[in-house]
Amino acid sequence: MQNRSLVRPALLSKINERQVLRTIQSQGPLSRAEVSRHSGITPPTVSKAVEALINTHFLEEDEPEVAFGRPAKKLKLASSTIQVLGLVIDAEECRVVATGLDGTIHPDQTLWFPTPTTYEQLIEDTITNLQLLIQRGSMKTLGIGVSLPGLVDYRQNRGLLSPNLPITNEHSPVQDIENRLGIPCILVHELHALCLAERYFGNARGLDDFALLDVSTGVGLGVMSGGRILTGQNGLAGEIGHITIDIHGRKCGCGNYGCLETVACDSALAYLCSQNLGRRVNIREVIELAHSQEYLPTRELEQLVTYLSVGLAAVINLFNPSSLFLHGKLLEVDTSLFPRLIEETRKRTLRPSFEECTIIQARSSKRQGAIAAIIEHLIDSLVPPMMTEHRGSRKVHS
């Protein structure tokens with residue numbers, strides 16, 4: 001008796017479409033022949049997949065620039081007929097951004113607003129700003145990626161505990177936004193979003209194994225292993241910022257005392273400088289004061305380097321990454337800070353692990369992270385969940 005294929009033709013077509021998108025996403029604009037060569041899919045199958053993706057507005061064709069002969073048209077991720085939106089919810093300000101599927105961010109497509117003091121106002125201000133981007137032009141909005149700080153429950157699509165933004169605790173911004181706008185939304189922890197951004201738009205292109213330490217508002221860790229983000233049982237892994245590092249330290253937003261993020265991040269540096277200046281300053285103001293020589297935070301930076309090197313050494317010793325990316329504005333305060341930090345980390349790390357790890361300044365942003373999350377979700381959604389490994393109620397990980 002003839003064996004039946006376990007993969008239905010319609011499903012196989014969707015798998016091919018996703019593979020074509022992944023190939024163009026990683027390689028850039030390609031002709032049909034180049035897609036076939038890079039993906040290993042036969043030319044007729046590539047042509048069929050491409051036509052389907054053009055019809056669903058995932059791909060667009062560019063007219064060739066060569067003036068002689070009949071050069072093949074280049075296929076690229078759609079950016080002129082459709083858009084995706086990203087929302088970054090953060091402690092001091094929120095940002096919304098619109099891009100095509102290529103993820104290219106233009107300044108005139110980004111809006112920001114101060115983070116309100118109540119969750120209800122947060123949703124109202126978010127809706128107002130998202131609508132401004134939705135109503136620009138005539139492009140269709142395919143989805144919205146929402147980056148959220150703190151502990152995120154992927155099973156319930158809600159924030160659990162955010163020491164730096166407690167108004168989001170026990171709330172689901174994606175559900176509230178989706179109900180108001182009728183546009184699919186995806187929730188992603190800001191660290192996981194940054195990992196995706198660095199992998200697709202930053203210095204981690206082509207890497208399946210790396211770690212990223214975010215030292216901006218707080219301290220958080222994202223780890224990419226074998227092309228997958230390590231999330232833990234409930235998506236709560238990576239909260240390295242709440243390891244106690246100074247038992248006599250100041251109180252953290254989580255309720256504990258002396259957490260790593262109270263001494264080793266942008267906010268911590270701004271807090272120390274504020275104490276010494278006698279007025280409140282944020283990290284941008286600290287950078288401006290240092291560059292103008294009006295105030296040089298020498299002692300504050302010395303303390304920060306010591307504590308941050310402990311955090312970096314812990315990540316390297318625990319996860320043995322080939323690359324460790326550092327995301328934060330504090331490195332802009334002083335050009336000598338990064339090499340000093342590397343040297344201090346070397347002293348505190350197991351030698352074999354340190355020698356096999358390259359520490360790199362991250363190039364991506366949280367805005368790119370929110371965009372990367374929704375693009376990732378849209379591409380993966382071409383294939384039904386039973387054909388992909390289960391990673392939570394909503395897939396945001398590659």
Side-chain angles (χ1 to χ4, degrees), residues 91 163-164 191 194 210-223 238-278 280-291 293 295-321 323-362:
N164 298 309
L191 261 299
L194 278 172
F210 64 88
L212 186 147
L213 191 68
D214 177 35
V215 293
S216 51
T217 305
V219 177
L221 174 68
V223 178
E239 292 297 329
I240 192 172
H242 298 288
I243 292 176
T244 302
I245 198 167
D246 180 3
I247 59 174
H248 302 295
R250 67 185 177 96
K251 190 174 183 179
C252 177
C254 72
N256 194 11
Y257 289 84
C259 291
L260 179 62
E261 72 174 41
T262 65
V263 291
C265 66
D266 291 350
S267 298
L269 178 59
Y271 173 82
L272 290 173
C273 292
S274 297
Q275 294 296 105
N276 290 330
L277 287 167
R280 185 178 178 181
V281 292
N282 58 33
I283 187 62
R284 292 190 185 94
E285 292 169 310
V286 171
I287 294 170
E288 291 172 1
L289 289 170
H291 289 183
Q293 303 289 304
Y295 177 73
L296 298 176
T298 305
R299 287 181 299 172
E300 295 92 328
L301 288 177
E302 183 177 350
Q303 177 179 321
L304 183 141
V305 166
T306 299
Y307 283 122
L308 185 51
S309 67
V310 173
L312 288 169
V315 173
I316 296 171
N317 286 340
L318 284 171
F319 295 98
N320 188 214
S323 300
L324 172 57
F325 296 91
L326 187 62
H327 176 271
K329 291 185 177 298
L330 55 84
L331 297 175
E332 300 174 26
V333 176
D334 185 344
T335 56
S336 70
L337 185 61
F338 189 65
R340 286 159 54 194
L341 182 59
I342 299 297
E343 177 58 23
E344 284 299 311
T345 302
R346 182 191 64 78
K347 296 175 183 177
R348 301 176 187 280
T349 311
L350 295 172
R351 183 177 57 81
S353 298
F354 180 83
E355 291 177 351
E356 294 178 3
C357 179
T358 302
I359 303 175
I360 310 166
Q361 295 185 46

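Please read all numbers here as calculations on a predicted model, not as lab measurements.
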*Under the 3.5 angstrom rule, does the side chain of Asn256 hit a backbone N or O of His242 as a donor-acceptor pair?*
no
*How long is the gap from CG on Leu269 to OH on Tyr307, to the nearest 0.5 Å?*
14.0 Å
*Distance, nearest 0.5 Å, that separates SG of Cys357 from CG of Leu324*: 5.0 Å
*With rounding to the nearest 0.5 Å, note down the distance linking CZ in Phe325 to CG in Leu212.*
7.5 Å
*Does the Asp266 side chain pair with the main chain of Ile283, one donor and one acceptor, at a distance under 3.5 Å?*
no
*Where do Arg250 and Thr262 come nearest, in terms of heavy atoms and distance?*
NH2-O, 3.3 Å
*Passes side chain to side chain contact (heavy atoms under 4.5 Å, CB included), Ile247 versus Thr244? Steps please.*
CA-CA 6 Å; Ile247 59 174; Thr244 302; 4.0 Å; yes
_Contact summary for Leu330 and Cys265, nearest pair of heavy atoms_ = CD2-C, 3.6 Å
_Smallest separation among heavy atoms of Glu302 and Thr306, with atom names_ = O-OG1, 3.1 Å
*Please walk me through it: do Val215 and His327 pass side chain to side chain contact (heavy atoms under 4.5 Å, CB included)?*
CA-CA 6 Å; Val215 293; His327 176 271; over 6 Å; no
*Counting distance only, does the side-chain N/O of Glu261 pair as donor-acceptor with the main-chain N or O of Val219 below 3.5 Å?*
yes
_Leu341 to Val305 - nearest heavy-atom pair and separation_ = CD1-O, 3.8 Å
_His291 side chain to Glu332 backbone, donor-acceptor under 3.5 Å_ = yes
*What heavy-atom pair brings Val286 and Pro297 nearest, and what distance separates the two atoms?*
CG1-CG, 4.4 Å
*asked:* With side-chain hydrogen bond (donor to acceptor under 3.5 Å, both in side chains) as the criterion, how do Tyr271 and Glu300 come out once you've worked through the C-alpha distance, each side chain's angles and the decisive distance to 0.1 Å?
replied: CA-CA 10 Å; Tyr271 173 82; Glu300 295 92 328; over 6 Å; no
*Starting at CG of Asn282, measure out to NZ of Lys329 and round the result to the nearest 0.5 Å.*
10.0 Å
*asked:* Apply side chain to side chain contact (heavy atoms under 4.5 Å, CB included) to residues Ile359 and Phe354 and explain how you reach the verdict.
replied: CA-CA 9 Å; Ile359 303 175; Phe354 180 83; 4.2 Å; yes
*Evaluation steps, side chain to side chain contact (heavy atoms under 4.5 Å, CB included), between Cys252 and Tyr257*: CA-CA 6 Å; Cys252 177; Tyr257 289 84; over 6 Å; no
*Taking side chain as C-beta onward, heavy atoms only, is Val223 less than 4.5 Å from Val315?*
no
*So, Ser353 side chain and Thr349 main chain: donor-acceptor pair closer than 3.5 Å or not?*
no
*Pairwise salt bridge (charged side-chain N to carboxylate O under 4.0 Å, His left out) hits with a residue in residues 335-344, at least two apart*: Asp334-Arg340, Glu343-Arg346, Glu344-Lys347, Glu344-Arg348
*Hey, is the main chain of Thr345 close enough, under 3.5 Å, to the side chain of Ser309 for a donor-acceptor pair?*
no
*Working to the nearest 0.5 Å, report the span between CD1 of Ile240 and CG of Leu221.*
5.5 Å
*Give a yes or no on this: more than 12 heavy atoms of other residues, nucleotides or ligands lie within 6.0 Å of atom CZ of Arg284.*
no
*Would you give the length of the straight line joining atom CG of Leu296 to atom CG of Leu289, rounded to the nearest 0.5 angstrom?*
9.5 Å
